[in-house]
Engineer: 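The structure is given below, and queries will be raised subsequently.
Numbered from 1 within each chain, the chains take letters A, B, ... in sequence-line order.
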Amino acid sequence: MYRNYKPFINTATAKVSTYSNIMGGSQLKNLKATLKANDLTGQTAPKKKKGSKRQAKNYDHEERQQVIAKIREQFSPFEIKAAKSKQGKEKMVPVGKPGTSKQIGEEQRQRIFEAKKAQKNKQGGVVDRRFGERSRHMTEEEKMLERFTREKQSQSKSRKNLFDLNDDDGDDMFGAKLTHLGQDLEDDFDEGDLGVDEEDDKGGFSSKRKYEDSLGEPQPESRKKTKAEVMQEVIAKSKFYKQQRQKSQEQRQDQIEELDEGFDDIMSELRSSNVQRNPEEPNQEEKDKQKEYDMKVRELIMDRRAAPADRTKTEEEIKKEEEEKMKRLEQQRIDRMSGIVMDEDGEEKGVDDLDDDFWGSDEEQEGSGEEAIADSDEDVQLSSEDEGEARRPIRDISCPDNHKEFMDMVKGPVSEHPKIVKKIIKAYQPKLAEGNKEKLGKFTGIILRHMIFLSEQKYSGNVPEFASVQNSLLGILKSMSEKYNHPLSDTCRDIIKEMQIRFKEKHFSGLSVGDLTFFTLVGCLFSTSDQYHLIVTPCSILIAEFLEQIKFNSLERLGFGAVLVRISLQYQRLAKRYIPEVTYFLEKSLATFLANDNCINFNVDTKDLAISKTQDFSKEIPSTLNLHLLFESHELGDDLKASIFLNILDSLRIAVTTIWKNLSAFEEICVNTEFLLNEIIKSFPGLKIAHQLLETIQKLKKFDQHYPLSLQNHRPLAIPSHAPKFEENFNPEKKSYDPSRTRNEINKMKAQLKKERKFTMKEIRKDTRFEARQKVDEDKKNAASYHAKMAQIFNTISTEEGAEKNKYEKEKKLRTGKH
Amino acid sequence: MLSFNEIKSSAKLLTTSEDRRNYNQVVQLVNDLKVDDETLKDESRLRFLVVALLQIFKKMFSRGDLRSKDALAEWCRQAYETFKSRLLQIISELPVETSLGLDSVDIYMQLIEQESVYFAAREDAPYFPNNTLRSLIKALWSSPIRSSGTKEMASGQSENPLLMEFVGKYYKSYGDIQYYFQSEFNYLLEHDQYSTEESMGKWLATVNHDSSCTNEGVDLEIFVPNPPQVVENESKFKTLLEKNWLLMVHGELSLAQYKTTLLILHKRVIPHIHTPTKFMDFLTDAYDLQSKDVSAGMVPVLALNGLFELMLRYNLDYPNFYQKLYGLITANLMHAKYRARFFRLMDTFLASTHLSAHLVASFIKRLSRLTLNAPPGAIVSVIPFVYNLLKKHPSCMIMLHNPAYITDPFMTPEETEHVKSLRGNYVDPFDDKEPNPERTRAMESSLWELASLTEHYHPNVATLAKIFSQPFRKMNYNMEDFLDWSYDSLLAAETSRRLKVLPTLEYENFDQLFGEANTEGTTFLTGVDW
């Protein structure tokens with residue numbers, strides 16, 4: 001460390017003398033002058049030395065060192081990195097000390113390098129110190145037992161040692177030695193150098209020194225104490241402590257005496273109180289009473305505290321609240337319709353609102369006791385006529401996992417289905433067992449699938465009963481949908497996917513009444529007016545696809561289309577969005593029924609479905625379509641045809657009066673329709689509804705303001721100008737005049753990143769260079785030691801050889817001498 | 001019927017020794033070559049017989065037995081002719097695909113090669129046996145083999161295996177065969193009835209490839225060793241090909257054949273003929289198919305494409321092109337499968353900025369009128385298309401924005417009154433029945449249809465339609481992004497969406513799903529009952 005440091009400083013100081021100072025004149029001269037000015041050359045104040053003490057001299061020495069360092073800095077152009085100050089031209093402002101910083105860096109590197117070297121080949125790898133982990137002779141149990149005992153032992157050991165208040169062995173909490181950095185603190189403590197009552201400066205000083213000694217790092221003492229001083233201190237201290245001890249001894253003695261005196265008094269008092277209590281022998285009755293009292297108190301504590309009940313609202317208030325809620329819901333609906341999507345909180349709140357009191361107001365729900373608990377806020381409430389049965393929790397019913405399982409459960413007549421469904425829901429309320437929530441969620445989907453399934457069955461025998469079953473199932477599904485929206489939506493999405501695949505593979509033959517039921521149910525359950533809706537939008541697309549792609553060449557298909565149009569129009573009853581496919585279907589179907597030569601443009605799929613000219617429309621023909629008849633249309637061809645025709649006309653009326661009339665292209669949309677209506681009237685003059693419809697259209701057209709659009713009535717756009725901008729007070733030092741804040745930030749960040757990167761690269765290079773240097777040094781050292789060793793060996797050998805040779809020579813001489 | 005071994009021995013005898021006394025066996029062998037159900041059972045024998053006969057006649061050719069003028073040569077030639085006619089019979093009558101048929105074609109072609117050498121006027125004189133080839137063409141054309149593959153149905157191109165063998169092995173690779181084929185086929189066309197759909201299918205099979213001798217970069221070989229000079233004459237070949245093409249396309253064509261022809265027209269036909277404009281009649285016919293056949297589908301469009309190419313490259317003066325194009329835009333187009341292709345073509349037809357604004361306005365108006373009962377896929381392609389047209393023809397912007405009808409609060413009462421009366425008296429002058437797009441007066445109309453689409457049920461379509469009420473800042477839309485939308489892709493986009501926010505529920509309560517409106521309780525859907 002110092003080997004590196006010293007030469008560097010030497011060269012730096014050498015350079016100081018060779019380079020000229022900023023102040024002008026010769027460097028040497030300047031140096032001399034400065035030294036003289038600071039009284040550093042020649043005999044510095046020889047008189048002072050005699051009179052002053054060592055202490056003062058030491059102080060002087062320190063100051064002197066500082067002054068010299070300052071001068072050194074001043075004279076070395078490399079010690080200080082200077083920058084020209086902006087104010088004065090001549091003045092230099094120091095900004096850094098490259099030498100020192102380099103030295104620091106070097107030292108740091110050295111430290112890291114040494115640490116690395118010390119740890120080389122010693123670190124990494126995990127030593128498994130768990131007991132018995134490697135041993136094969138121990139069973140798992142034995143190992144565990146052994147570990148447990150060891151752990152216990154070690155714990156008890158540590159407890160015994162320290163901080164164990166119950167321990168009797170060492171009454172001193174600090175019985176164990178406290179250390180600091182491995183050095184015993186006891187000496188310090190005994191000396192009592194807390195420094196509380198020692199105003200003396202010297203005492204504090206000495207303690208500080210002791211502390212610093214304990215760090216094990218010799219620090220340069222700014223001022224040395226004389227021996228006399230030290231001795232004085234020690235004497236003063238010992239005296240002080242002695243006094244202290246005596247004082248405390250006295251105090252203790254006093255206290256003991258005091259306690260001895262008061263002991264008798266206390267004892268007598270205690271005895272008297274005991275005598276008083278004894279005669280009150282509690283009899284059994286009172287004990288019981290107390291017990292009872294206690295229990296009452298307990299009960300009262302456990303009892304819920306009475307809370308002020310809500311004021312009974314008047315009917316008007318209830319009505320008003322209801323209205324307000326409806327208004328709010330309506331507003332939310334309108335927002336969604338125009339695409340303003342509420343944040344999740346808002347929406348969730350809406351749903352919460354729904355089941356807070358929207359359902360709570362149901363008067364049928366006034367159950368008692370168990371029922372009330374069972375129907376508490378966590379689950380869905382059902383309107384149940386069969387209260388008696390539902391009151392008992394039903395345990396012997398399982399929650400079906402899929403529709404097939406459910407089908408196995410409902411083997412009885414259809415009218416029983418809602419009851420069974422209700423039973424299942426009651427039995428699996430979420431708060432009754434964990435996992436019930438998921439089960440009921442799944443079950444919601446099953447109810448939906450079951451409704452679709454039922455509608456596909458043959459039920460023509462008993463339509464009203466069937467309808468009531470479906471409606472009550474709808475009621476259940478509707479109330480379930482609030483809690484189990486997510487699983488229900490998932491099921492809907494699955495059904496949509498299935499339907500799409502079915503249609504792709506088998507076209508119309510893949511569809512059934514169940515699909516119509518599904519679309520209707522979606523309309524019932526979900527808000528169809530939203531601008532975008534995860535369930536309704538795909539449904540709308542699917543309906544439109546069916547209307548556009550099915551070849552309507554049979555009565556069955558036309559009926560299917562007619563119902564689809566109904567559903568689709570019902571979806572749009574509030575949002576009033578335009579569906580081109582509905583228009584397409586209406587025109588096509590009407591043209592199909594006409595089968596007129598004039599209707600060739602309407603892309604009619606068949607000409608066999610024309611309504612015969614003899615059809616009498618004067619009598620009442622129901623325009624309502626019966627789903628169960630739609631797919632069994634073989635028997636009553638003509639009647640069904642007529643009612644489908646009327647139904648489609650009715651749909652057209654709905655479309656015209658609710659949706660089309662609001663569109664700016666109303667006239668254009670009606671062009672074909674009017675033509676068809678005229679044809680219809682020509683063919684069937686007795687058809688009243690066609691006349692009415694035509695009149696309505698014409699009336700609406702009259703009131704519709706139809707004039708050219710002006711959609712582009714925007715504020716005129718400014719032409720972007722690219723004239724150069726003149727910057728007043730332009731400053732080249734300013735990095736950028738970019739007005740964009742973010743871009744500025746980004747550029748700044750980029751610059752910083754570049755700088756950091758550069759710096760890091762530099763550091764890395766320095767490190768590697770340093771390491772290389774270290775390595776070279778080490779190699780040199782190794783080589784030198786090797787050579788030295790070899791030289792020594794050679795030396796010894798040659799010495800030995802020489803000695804032997806001398807001996808030999810001597811011997812030889814001796815022998816020859818003898819001769 | 002000779003047995004396998006008998007054939008073998010007599011063939012060996014005939015080919016090895018020059019003894020003319022054995023020649024009677026040739027007649028025996030040739031007569032044995034009879035094809036009927038019975039003999040076909042042993043097809044390998046027949047095949048062997050045919051090959052043996054080829055070897056025998058080859059030998060006889062090399063011996064000069066067929067060339068000299070003596071009685072024996074006469075007799076030999078007769079036997080040879082019988083052999084040829086037997087081969088042709090096999091080719092023209094075999095009802096199913098057999099190896100024998102294919103062998104026969106190959107052997108017949110080898111005979112042609114032999115003939116060209118030995119039947120030349122003198123030795124080394126250039127000669128091509130064109131009559132022999134003509135017989136082969138005749139036989140091939142009357143071959144009844146049909147493949148049941150759907151490919152043939154779709155393209156209208158014959159997949160007769162014998163013809164494929166001939167085309168693949170000989171027609172495609174030899175220049176002289178191509179020349180003589182065309183010249184002989186031309187002869188046949190002029191003298192016989194070849195205007196059936198089947199014949200057209202075979203014709204297409206013959207020429208629908210890229211190795212015609214007039215193709216650049218195609219270097220064909222010569223089949224016969226010394227053909228006449230005329231096969232080098234490219235111009236004559238072109239004339240013949242052109243004649244054949246025109247004769248063929250004026251015959252009977254199925255829809256698929258129309259389509260195939262139109263598809264290959266400007267790659268495989270027009271470069272090989274002299275005057276492409278002669279195809280105008282054919283193209284017009286193809287275009288007119290629309291009025292005859294509703295299922296014509298893409299054919300009129302392709303025909304227009306062909307006409308457009310001719311106009312663009314060969315200066316064809318074709319009147320009423322745009323009127324015809326306008327006529328193709330019908331309600332059916334919006335629901336048809338080939339809609340995307342039509343839009344791509346229409347994009348090129350209407351790309352010019354020099355078209356009259358009235359014409360463009362008519363196209364815009366008609367397209368937007370048709371969106372009123374179009375599926376979303378079609379609407380999605382119409383909207384950017386119209387946008388691009390409007391951007392290219394800013395004078396049509398008046399259909400979206402007519403400043404004369406704007407009121408603003410700073411107007412004087414008279415002005416307000418004026419605008420009011422303008423609005424009140426406005427009658428849409430657009431005539432959607434007018435076939436001429438220059439005269440529809442679409443310019444004076446307005447695009448209410450597109451404005452109404454902002455109320456479309458599909459949120460994305462509605463949003464897209466809103467571009468017409470926003471400033472026209474975008475240069476143009478890339479049509480390719482909008483052309484291929486269908487219900488399937490729309491639904492796929494929906495189903496792939498993740499259920500992040502729960503779908504909102506209906507807060508209204510319905511007592512009944514279906515039912516009459518006047519029954520008690522609220523009903524969701526009236527007019528339908530269980």
Engineer: Does some side-chain heavy atom of B/Leu372 sit less than 4.5 Å from a side-chain heavy atom of A/Tyr584?
Structural biologist: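 Answer no - side chains too far apart.
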
Engineer: Between A/Glu581 and B/Asn373, do the side chains contain an N or O donor and an N or O acceptor separated by less than 3.5 Å?
Structural biologist: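 Short answer, no.
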
Engineer: Below 4.5 Å from any heavy atom of chain B, which atoms of A/Lys576 appear? Answer side chain, backbone, both or neither.
Structural biologist: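 Only the backbone of A/Lys576 comes within 4.5 Å of chain B.
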
Engineer: What option among A/Ala575, A/Cys492, A/Ala544, A/Ser651 has the most heavy-atom pairs under 4.5 Å with chain B?
Structural biologist: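 Answer, by heavy-atom pair count under 4.5 Å with chain B: A/Ala544.
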
Engineer: So which residue, A/Glu548, A/Gln549, A/Gln570, ends up with the most heavy-atom pairs under 4.5 Å with chain B?
Structural biologist: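 Most heavy-atom pairs within the cutoff with chain B belong to A/Glu548.
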
Engineer: With a 4.5 angstrom heavy-atom cut-off, which part of B/Pro471 approaches chain A: side chain, backbone, both or neither?
Structural biologist: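 Contact with chain A involves both backbone and side-chain atoms of B/Pro471.
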
Engineer: Which answer fits A/Ile567, side chain, backbone, both or neither, if we ask what part of it has an atom under 4.5 Å from a heavy atom of chain B?
Structural biologist: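 Contact with chain B is through both the backbone and side chain of A/Ile567.
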
Engineer: With only heavy atoms counted, which part of A/Gln500 is less than 4.5 Å from chain B, the side chain, the backbone, both or neither?
Structural biologist: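 Just its side chain gets close to chain B.
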
Engineer: Report which part of A/Ser540 has an atom under 4.5 Å of a heavy atom belonging to chain B: side chain, backbone, both, or neither.
Structural biologist: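 Both backbone and side chain.
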
Engineer: With a 3.5 Å cut-off and no angle check, do the side chains of B/Glu494 and A/Tyr532 form a donor-acceptor pair?
Structural biologist: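 On atom types as modelled, these side chains qualify, holding a pair under 3.5 Å.
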
Engineer: By a 4.5 Å heavy-atom criterion (distance strictly below it), what part of B/Met399 contacts chain A: side chain, backbone, both, or neither?
Structural biologist: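 The backbone, not the side chain.
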
Engineer: Does any heavy atom of chain B fall under 4.5 Å from the side chain of A/Gln572, the backbone, both, or neither of them?
Structural biologist: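 When you check distances to chain B, only side chain atoms of A/Gln572 fall under 4.5 Å.
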
Engineer: Judged by atom type as modelled, is there a donor-acceptor pair below 3.5 Å linking the side chain of B/Trp448 to the main-chain atoms of A/Glu667?
Structural biologist: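 Such a contact is absent between B/Trp448 side chain and A/Glu667 backbone.
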
Engineer: For a quick test of reading the model, state the closest non-hydrogen atom pair linking B/Ser452 to A/Ala665 and the distance between them.
Structural biologist: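 Reported closest heavy-atom pair: OG-N, 2.9 Å.
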
Engineer: Check whether A/Gln470 gets within reach of chain B through its side chain, its backbone, both or neither, counting any heavy atom under 4.5 Å.
Structural biologist: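 Just its side chain gets close to chain B.
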
Engineer: With a 4.5 angstrom heavy-atom cut-off, could you sort out which part of A/Arg493 is near chain B: side chain, backbone, both or neither?
Structural biologist: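 The side chain, not the backbone.
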
Engineer: Any side-chain heavy atom of B/His456 within less than 4.5 Å of one from A/Arg577?
Structural biologist: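 No, side chains not in contact.
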
Engineer: Tell me which one of B/Ser469, B/Ser445, B/Ser446 satisfies side-chain contact (heavy atoms from CB on, under 4.5 Å) with A/Leu709.
Structural biologist: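 Per the side-chain contact (heavy atoms from CB on, under 4.5 Å) rule, the option paired with A/Leu709 is B/Ser446, out of B/Ser469, B/Ser445, B/Ser446.
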
Engineer: Calculate, to the nearest 0.5 Å, the distance between atoms CD and CH2 belonging to B/Glu455 and A/Trp660 respectively.
Structural biologist: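 That separation rounds to 15.0 Å.
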
Engineer: So which part of A/Asn647 gets closer than 4.5 Å to some heavy atom of chain B, the side chain, the backbone, both or neither?
Structural biologist: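 Only the side chain of A/Asn647 comes within 4.5 Å of chain B.
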
Engineer: Using non-hydrogen atoms and a 4.5 Å limit, figure out which bit of B/Ser486 sits close to chain A: side chain, backbone, both or neither.
Structural biologist: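 For B/Ser486, no heavy atom lies under 4.5 Å from chain A.
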
Engineer: So which part of A/Ile541 gets closer than 4.5 Å to some heavy atom of chain B, the side chain, the backbone, both or neither?
Structural biologist: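 Answer is both: backbone and side chain atoms of A/Ile541 are under 4.5 Å from chain B.
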
Engineer: Using side-chain heavy atoms (C-beta onward) and a distance below 4.5 Å, is A/Lys497 in contact with B/Leu491?
Structural biologist: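 They are not in side-chain contact.
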
Engineer: Count the heavy-atom pairs under 4.5 Å between each of A/Thr583, A/Thr520, A/Asp490 and chain B, then report the option with the highest count.
Structural biologist: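 Winner by heavy-atom pair count: A/Thr520.
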
Engineer: So which of A/Thr537, A/Leu663, A/Asp650, A/Asn713 has the largest heavy-atom pair count under 4.5 angstrom toward chain B?
Structural biologist: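 Top count of heavy-atom pairs under 4.5 Å with chain B: A/Asn713.
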
Engineer: Heavy-atom cut-off 4.5 Å, strictly under: side chain, backbone, both or neither for B/Phe430 against chain A?
Structural biologist: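 Contact with chain A is absent: no heavy atom of B/Phe430 under 4.5 Å.
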
Engineer: Taking side chain as everything from C-beta outward and backbone as N, CA, C, O, which of these in B/Arg423 sits under 4.5 Å from a heavy atom of chain A? Side chain, backbone, both or neither.
Structural biologist: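 Its backbone and side chain both get close to chain A.
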
Engineer: Minimum heavy-atom separation for A/Pro580 to B/Ile379, with atom names?
Structural biologist: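 Closest heavy-atom pair between A/Pro580 and B/Ile379: CG-CD1, 3.8 Å.
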
Engineer: Select one option (side chain, backbone, both, neither) describing which atoms of B/Asp428 are under 4.5 Å from chain A's heavy atoms.
Structural biologist: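 The side chain, not the backbone.
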
Engineer: Below 4.5 Å from any heavy atom of chain A, which atoms of B/Leu450 appear? Answer side chain, backbone, both or neither.
Structural biologist: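 For B/Leu450, neither part sits under 4.5 Å from chain A.
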
Engineer: Could you tell me which portion of A/His486 (side chain, backbone, both or neither) has an atom closer than 4.5 angstrom to a non-hydrogen atom of chain B?
Structural biologist: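 Both backbone and side chain.
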
Engineer: With a 4.5 Å cut-off on heavy-atom pairs, point out which of A/Leu534, A/Asn662, A/Ile659, A/Val671 contacts chain B the most.
Structural biologist: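 Heavy-atom pairs under 4.5 Å are most numerous for A/Leu534.
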
Engineer: At a 4.5 Å cut-off on heavy atoms, which part of B/His335 comes close to chain A: side chain, backbone, both, or neither?
Structural biologist: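 Both backbone and side chain.
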
